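Below is one structure; the comments refer to it alone.
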Amino acid sequence: MTEQSFMGGFSQLALGVCYYPEHWPEEDWVEDAAQMRALGLRCVRIGEFAWSRLEPQRDQFDFGWLDRAIATLAAEDLKVVLCTPTATPPKWLIDECPEILPGDPASGHVRGFGSRRHYDFSSTVYREEAVRICSVLAQRYGNDARIIGWQTDNELCCHDTAHSRSTAAGQAFQLWCESRYGNIDDLNTAWGNVFWSMEYLSFDSIELPFGAVTETNPAHQMAYRRFASEQILRFHNACCSALEEHIQNQWITHNFIPMKDTQTDCFALAAPLDFVSYDSYPLGRSEFLLGRDEPELARRYMRTGHPDYTAFYLDQCRGLKNRGFWIMEQQPGPVNWAPSNPRPAPGMVALWTLEAIAHGADVVSFFRWRQAKFAQEQMHAGLLRPDRSQSDAWHEIEDVVRVLNILKEESLPQPQAQVALVTDVSAQWVSDIEQQGQGVEAHRVTFQFYRALRRLNVAVDIVSHSADLSHYALVIVASMPIVSETLLEACEQSDATLLFGPRCGAKTPEFQIPPNRAPGLLEPWLNVKVNSVETLRPDVTEPFEYQDQVFQSRLWCEDLTVADATVAAYYQQSRPALVRKGRCLYLATLTDDAFLRQLLGDLLKEREVVICELPEDVRTMTRGSVTFAFNYGATAYTLNRLSDLPLNAEFLVGDAVLAPRGFSIWRSE
Ligand code: GAL
């Protein structure tokens, strides 16, 4: 259950922008700030890549320009979010300490200077440098009322930087292994190193799991991923502590990329933060998710993003700290980094902004103020073009400002959900390491359950395996090969209906088959055992019957022995596809969306949760008594008082006809 919003110094929903004063002549700043205010923006994020201007040479700081930029923004009553610049160590630092640079896992080559994120999370030299610059900044600006808070670094792990094949990483991994396993025989046993004669004689001979002839031991890879995640946390926690030591009445956040891309335990990463921020780029990222496996969907939603894709991450953001979040970067037009970079359909920038708010964002900040006229992102839109003329997004933001003015009278508590989807980074690790079948990936499986739930018009909390589950009607663990005792205790404390997807419980924490076979710790809950698993070609589906209807199984199919439990559906002639024991269900196969909607609909109705199947392109989301409805489609849709529109709905914005790529907002007590 989400506790509270995080307004971070604002008394109502607010908009902001990402700004790079160091990219523009100082004489432009006054007009920039005045225009930001005139547009209705309230906060400005600055400084995340500015190390070379803040400290042009070691210990020679230049804060003059930053002081003047902050003063210029503050003069227009714009609040500043100041960033630590650790995503871009400057050239002098790399020349002084080249060991900061990370190693490319695939090739082993040093990932050199000349872009960004060129540092190794295992470099103790860099950790000290990062802490040093954070401390210097916090000492100077930590008590400055014009600065409401801090963003750490920028998009940790972006550009595949979670993993490194450097000397520093290798040495740190050996020490990590020693502290986890204690003696080398235990490590060899835990990993099963007798297989292929992979046994080690000492910790200092352990290799990183890269660059071998064929796949390295999955247990070795798993240990490395755990280690890498902990290194990232250690680096980030050190930066947060350095800030905390000096700041007063300021908050700390970090701008996350899609959680799966961090390869990190994001719940732990969020722990030292006051709230989570997210960088929302619906088009390119939706293309990455759908482009390969569902090209027809990717084509259809090329200019809008899939209707559930962005929301999937928005709900993850809310779940990371169980509270409201910010969008720190919102896509304003075509970006420059996806395989193709279409223009958003007219209306989408406004729709995405309000959708973020509907899912619990309290502030949305656009990336970026003005399109850069030099360097890597010249092709990336901003709110202004390089010559200061207004880009397409400008008028949509004016519309959003008008909507926020209407909403300021409303109380907007965080969304409340009766359904929880439980996730854990280990699920992603297992499916990355041992995919077994093309297209079988934990986050895709979880997304499929999510989108089925959203089509049924229910709100979803995405929570960790250690979350309190007691207030949910339905708890879904879509993909979790490593099931923890903590999760099972939380399941026991709750009376929710529990649905486990295929492969749940199939691995021990050390990446072995559990002694009692899959589903391991879940066996007593379900009285099933997995005999074997097959995976299917992505272009093959096979029919199965459930409730007298025919659905399709796909990709991953288990053969189960069922003891004392009910088989609710069979497939492949006589194989159990869905098993139920009391309030607990286990699904033996991945399926089509239609089956998930049918099953989840049945389970929700059983628990008296109100559902209503929405059209493919329409979604709604509720905060308190205010509901937002969005139409991702190219044709208008009329909401219906008998199904998706409450009888007592009073429109605040729009009406029952949702325009293409449009939205309506109503109050219903
Ligand atoms: C983000 C990043 C920004 C900018 C933007 C372009 O991932 O944080 O610095 O590069 O992408 O879309």
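Numbering of ligands and ligand atoms starts at 1, following listing order. Residue numbers run from 1 in the order of the sequence given. This is a predicted model, so every value here is computed, not measured.
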Handout entry: Those atoms of ligand 1 less than 4.0 Å from some heavy atom in E155
Key = 1 (C), 2 (C), 7 (O), 8 (O)

Fill in the blank from the handout: Contact region, Q331 to ligand 1, non-hydrogen atoms below 4.0 Å, reads neither

Practice task
Any chance you could lay out the salt bridge (Lys or Arg N to Asp or Glu O under 4.0 Å) test for D144 and R146, step after step, and finish with the verdict?
Solution key: CA-CA 5 Å; D144 184 330; R146 299 168 303 177; 2.8 Å; yes

Practice task
State which residue, out of R368, Q371, Q35, fulfils the side chain to side chain contact (heavy atoms under 4.5 Å, CB included) condition with L384.
Solution key: Q35

Handout entry: SB check R53 D62 (cutoff 4.0 Å)
Key = no

Exercise for the section: Could you list which atoms of ligand 1 come closer than 4.0 Å to a heavy atom of W337? Expected result: 6 (C), 12 (O)

Handout entry: Nearest protein heavy atom with distance in Å, relative to atom 5 (C) of ligand 1
Key = Y281 OH, 3.3 Å

Problem - Between R45 and Q151, a side-chain donor and acceptor under 3.5 Å - result: yes

Handout entry: Note, N631 side chain near F663 side chain (heavy atom, < 4.5 Å)
Key = no

Practice task
Answer yes or no: is there an ion pair linking D153 with R117, defined by an N-O contact shorter than 4.0 Å?
Solution key: yes

Problem - Sub-4.0 Å atoms of ligand 1 with respect to non-hydrogen atoms of H380 - result: 6 (C), 12 (O)

Completion exercise
protein heavy-atom neighbour closest to atom 1 (C) of ligand 1 works out as E329 OE1, 3.1 Å

Problem - Enumerated ligand 1 atoms positioned under 4.0 Å from heavy atoms of D279 - result: 8 (O)

Handout entry: Distance filter under 4.0 Å to N154 heavy atoms, resulting ligand 1 atoms
Key = 2 (C), 8 (O), 9 (O)

Practice task
Answer yes or no for R116: is there a heavy-atom contact with ligand 1 below 4.0 Å?
Solution key: yes

Exercise for the section: Among T161, D160, D432, find the residue that satisfies the side chain to side chain donor-acceptor pair (under 3.5 Å) test when tested with Q263. Expected result: D432

Problem - Sidechain-backbone polar pair: R226 side chain, S426 backbone, donor-acceptor under 3.5 Å - result: no

Exercise for the section: Can you sort out which atoms of ligand 1 are near E377, meaning under 4.0 Å from one of its heavy atoms? Expected result: 4 (C), 6 (C), 10 (O)

Practice task
Pull out every atom of ligand 1 sitting under 4.0 Å from any heavy atom of F49, numbered as shown with elements.
Solution key: 9 (O)

